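Before any comments, here is the structure.
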Amino acid sequence: MCALPVGTVAGELFAGAGLGPVTRERVALPLLRLAPLPYLGYALRPGLAVSLLLLVLSGAGSAYTLGPDQWFVRAVPQELRGRAMTVLSAGLMTAQGLGMALAGVVGQEAGVRTAVAGAGAAGVLCCCGPAVVARATQGREAAADRGRPKAETGLPRI
């Protein structure tokens, strides 16, 4: 039961302490797309050791959250940040709770391995869309920044 959180803590500690802010933001989208992939391994009916490894790997992929957290902080005005973080946290907890309830129903009816593999497939599908949108948004912002004088982009003048 603790393999996923162990992977999450390890991944976030490594990304938070071992990677710089720019690198953390750069790896966020690839990690977002890769984090649910290990769950697909449950379709192969792994034993305990492989199941633990799959959960640790998926948990480590949760380090992707460090990038979007920074995007969110930059996007929300200082005076609204506390309320915005509250709404964000409540939405995330609600979605996670509903996901766990749905996984429980699927697990009850179809079995744990099917539920976990299905969650992995759903996760890959659900994560790729936002990652593509975020990448496109970043591309548009970068293009707009190239057209502005350096003083407007926040870059130091040389």
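Counting begins at 1 with the first residue of the sequence. Just so you know, these numbers come straight off a predicted model, no measurement behind them.
Atom OG of Ser51 sits about 10.5 Å away from atom CZ of Arg45, to the nearest 0.5 Å. We find the CG-CG distance between Leu4 and Leu52 to be 11.0 Å, quoted to the nearest 0.5 Å. Here Tyr64 contributes atom OH and Leu31 contributes atom CG; the two are 10.0 Å apart, rounded to the nearest 0.5 Å.
With hydrogens and angles ignored, the 3.5 Å screen pairs a side-chain donor or acceptor of Thr86 with a backbone N or O of Gly82. When atom types are taken as modelled, the side chain of Ser58 and the backbone of Leu55 share no donor-acceptor pair closer than 3.5 angstrom.
What you find for Arg24 and Leu66 is that their closest heavy atoms are CD-CD1, 3.7 Å. In terms of heavy atoms, Tyr39 sits closest to Gly120 at CB-CA, 3.5 Å. Taking both residues in full, the closest heavy atoms of Phe72 and Met85 are given as CE2-SD, 3.2 Å, listed atom of the first, atom of the second, then distance. In terms of heavy atoms, Leu54 sits closest to Pro46 at CD1-CG, 4.1 Å. Closest of all the heavy-atom pairs between Ala84 and Val76 is CB-CG1, 3.8 Å. Here the closest heavy-atom approach between residue Pro36 and residue Gly123 is recorded as CG-C, 3.5 Å.
Hydrophobic clustering (ILVMFWY, side-chain heavy atoms < 4.5 Å, transitive): Leu40 and Tyr42 are in distinct clusters. Residues Val116 and Val50 fall within the same hydrophobic cluster, defined by Ile, Leu, Val, Met, Phe, Trp and Tyr side chains chained together at heavy-atom separations under 4.5 Å. The hydrophobic clustering, which links ILVMFWY residues whose side-chain heavy atoms are closer than 4.5 Å, places Met100 and Met93 apart.
Within 6.0 Å of CZ on Arg81 lie more than 12 heavy atoms contributed by other residues, nucleotides or ligands. Within 6.0 Å of CZ in Arg83 there are 12 or fewer heavy atoms belonging to other residues, nucleotides or ligands. Counting non-hydrogen atoms of other residues, nucleotides and ligands closer than 6.0 Å to CD of Glu79 gives a total above 12.
Inter-residue side-chain proximity for Leu19 and Phe14 is flagged as met; some heavy-atom pair is nearer than 4.5 Å. Contact check for Asp69 versus Val73: no side-chain heavy atoms found under the 4.5 Å cut-off.
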